[in-house]
Amino acid sequence: MLRYLGSKTLLVEQINELIDPQPKGSVFCDPFGGIGTVGSYMKQKGFQVISGDLLQFAHYFQKALIQLDAPPTFPNLISETGGDVESFLNQISAQHGWLIKSYCEERSFFTQENAEHIQGCIDAIWGWKASHHIDENEYAFLIASLIQSMDRVANTAGTYYAYLKRYYRKAIQPFNFRFLHPVQGEYPCQCYLKDANTLVKQHECQILYLDPPYNTRDYAKYYHLPETIARGEVPIPTGKSGVPDRHEIRSPYIQQTKVEGAFRELLASSCCQMILFHYTDNGLLHEEFIRDTLSELGGTIEEYFFDCKGYRTSSLSSSVSSKHHVYKVTL
Ligand SMILES: C[S@@+](CC[C@H](N)C(=O)[O-])C[C@H]1O[C@@H](n2cnc3c(N)ncnc32)[C@H](O)[C@@H]1O
């Protein structure tokens, strides 16, 4: 999967153990769902997942992996692609375009050959959307698959905040367009492009899993290129990394002056039986504030610590080695 800041890939089993046992079909709500790592795991485990994020590209990953149960069949693309959209996108390329110019010729995010191929895919997918040959789910699926495929050959150290000076090993591999694989589950799941506080207000659930950003890093900037591709907007790149000058709504969870109010408001409007709050001890919200705010809900609080590799550690060693602090509130 795409390397995503704060991804819980190594911790999904541990998170599941903290909520086990729960009846099949229980609603698991993941309003800071990112690219769907936790939500797709929980779907497989028999939960009805509701997930959200503010970023368009993250929302499309969630749709592709969690909301869909199988790759779309693209009935309106049969005549153009011969019925095999994956192979079709694997063979096209473009000579010119904004990605080639701004993110290859001016900034070495991709080799020339890969940039031409990626540009061809972008032009085709954006064009199919504009001509109504694909619907929103099909577009989401193709865009998420493209971003995942593109990330495998991106000349970065992980995020799109910077590119490497020389083309690194992974960047000189040939680009291959590959479909993502939607995860199978027994219950319907829904993904929303929404602020977490709004989503929580609108949905009751059994388990509310909260995994917000814990510092001031802005995901919209670190993943600007996936976001541009998902939004379908030709960007006006600025600066060394080509971050477009977009007037985004900045999440309150990355702002020291707003995070406490947002967290308090979210908890006050939640309606659930269990909350798992996944954070770090050096984050914008301080431990004491978190404990006080969670205890205002009533219920019992248990605390768990995990290191970066997903191993459970004791609270005593937490200050030294733990990165993950999970507060479990049973209501
Ligand atoms: C720590 S990451 C989640 C990682 C995810 N659990 C995973 O394993 O991939 C936090 C996510 O919260 C999103 N986010 C930040 N502020 C938000 C808000 N106000 N509402 C919804 N999502 C938000 C970010 O875009 C980011 O994807």
Within the supplied structure, the quantity of interest is the number of heavy atoms (other residues, nucleotides, ligands) at a distance under 6.0 Å from [X] [atom1]; does it exceed 12?
X: Y168; atom1: OH; value: no
X: Q112; atom1: CD; value: yes
X: E296; atom1: CD; value: yes
X: K328; atom1: NZ; value: yes
X: I236; atom1: CD1; value: no
X: E113; atom1: CD; value: no
X: E13; atom1: CD; value: no

Trace of the side chain to side chain contact (heavy atoms under 4.5 Å, CB included) decision for Q256 with T216: CA-CA 8 Å; Q256 187 67 75; T216 55; 5.7 Å; no
Hey, are the side chains of [X] and [Y] touching, using non-hydrogen atoms and a 4.5 Å cut-off?
X: R231; Y: I143; result: no
X: R246; Y: E227; result: yes
X: L180; Y: F61; result: yes
X: I50; Y: C205; result: no
X: I15; Y: V326; result: no
X: L65; Y: M1; result: yes
X: V49; Y: Y209; result: no
X: E302; Y: T330; result: yes

Under a single-linkage definition using a 4.5 Å side-chain heavy-atom cutoff for Ile, Leu, Val, Met, Phe, Trp and Tyr, are [X] and [Y] assigned to the same hydrophobic cluster?
X: I229; Y: L2; value: yes
X: F74; Y: W126; value: yes
X: I172; Y: I100; value: no
X: L285; Y: F305; value: no
X: V200; Y: I66; value: no

Drop me the distance from [X]'s [atom1] to [Y]'s [atom2], to the nearest 0.5 angstrom.
X: I147; Y: R152; atom1: CD1; atom2: CZ; result: 12.5 Å
X: Y41; Y: F47; atom1: OH; atom2: CZ; result: 10.0 Å
X: L142; Y: Y60; atom1: CG; atom2: OH; result: 11.0 Å
X: Y223; Y: R3; atom1: OH; atom2: CZ; result: 8.5 Å
X: L266; Y: L208; atom1: CG; atom2: CG; result: 6.5 Å
X: C121; Y: Q91; atom1: SG; atom2: CD; result: 10.5 Å

Taking [X] for its side chain and [Y] for its backbone only, find out whether a donor-acceptor pair lies under 3.5 Å.
X: H133; Y: I125; result: no
X: Q67; Y: C191; result: yes
X: H224; Y: Y161; result: no
X: K43; Y: C189; result: no
X: H324; Y: H278; result: no
X: R107; Y: K240; result: yes
X: D53; Y: G34; result: yes
X: T81; Y: L77; result: yes

Distance-only side-chain donor-acceptor flag, Y253 / N197, under 3.5 Å: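 Yes - a donor-acceptor pair under 3.5 Å links their side chains.
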By side chain to side chain contact (heavy atoms under 4.5 Å, CB included) - contacts of Q48 (at least two apart):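 Side chain to side chain contact (heavy atoms under 4.5 Å, CB included) check on Q48 returns V27, Y187.
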Electrostatic pair K201:D195 at N-O distance under 4.0 angstrom: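 Salt bridge absent between K201 and D195.
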Charged N-O contact under 4.0 Å between R291 and E287: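 Yes, charged N to carboxylate O under 4.0 Å.
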Are the ring centres of [X] and [Y] closer than 6.0 Å?
X: Y163; Y: F110; result: no
X: F263; Y: F277; result: yes
X: F179; Y: F141; result: yes
X: H203; Y: Y192; result: yes

Geometric class of the Y219/Y4 ring pair [parallel <30°, tilted 30-60°, perpendicular >60°]: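 Aromatic pair Y4/Y219 classed tilted.
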Geometric class of the H325/Y327 ring pair [parallel <30°, tilted 30-60°, perpendicular >60°]: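 Parallel.
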Residue pair M42, N16: steps toward the side chain to side chain contact (heavy atoms under 4.5 Å, CB included) verdict: CA-CA 8 Å; M42 294 301 167; N16 189 35; 3.8 Å; yes
Pairs where residues 205-215 contributes a residue and the test salt bridge (Lys or Arg N to Asp or Glu O under 4.0 Å) is met, not counting sequence neighbours: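 Salt bridge (Lys or Arg N to Asp or Glu O under 4.0 Å) check on residues 205-215 returns K8-D211.
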Partners passing side-chain hydrogen bond (donor to acceptor under 3.5 Å, both in side chains) against [X] (at least two apart in sequence or in another chain):
X: N155; value: none
X: R178; value: none
X: E138; value: none

Which atom of N215 lies closest to which atom of I254, heavy atoms considered: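 Smallest interatomic distance, heavy atoms only, reads O-CG2, 3.4 Å.
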Contact summary for Y160 and T156, nearest pair of heavy atoms: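 In this case the closest contact between Y160 and T156 is CD2-CG2, 4.3 Å.
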Chi angles and distances behind the side chain to side chain contact (heavy atoms under 4.5 Å, CB included) call for E80, W128: CA-CA 10 Å; E80 185 172 344; W128 290 332; 3.1 Å; yes
Ring pair (Phe, Tyr, Trp, His ring centres under 6.0 Å) between F177 and F88, intermediate numbers included: CA-CA 9 Å; F177 179 88; F88 178 86; over 10 Å; no
Pairs where residues 92-103 contributes a residue and the test side chain to side chain donor-acceptor pair (under 3.5 Å) is met, not counting sequence neighbours: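 As it turns out, the side chain to side chain donor-acceptor pair (under 3.5 Å) pairs with a partner in residues 92-103, which skip direct neighbours, are K101-E106.
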Positive for side-chain contact (heavy atoms from CB on, under 4.5 Å) with Q119, one of I92, L99, N114: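 Single pass found, and it is L99.
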Side chain to side chain contact (heavy atoms under 4.5 Å, CB included) between M274 and F28, intermediate numbers included: CA-CA 10 Å; M274 181 191 292; F28 180 91; over 6 Å; no
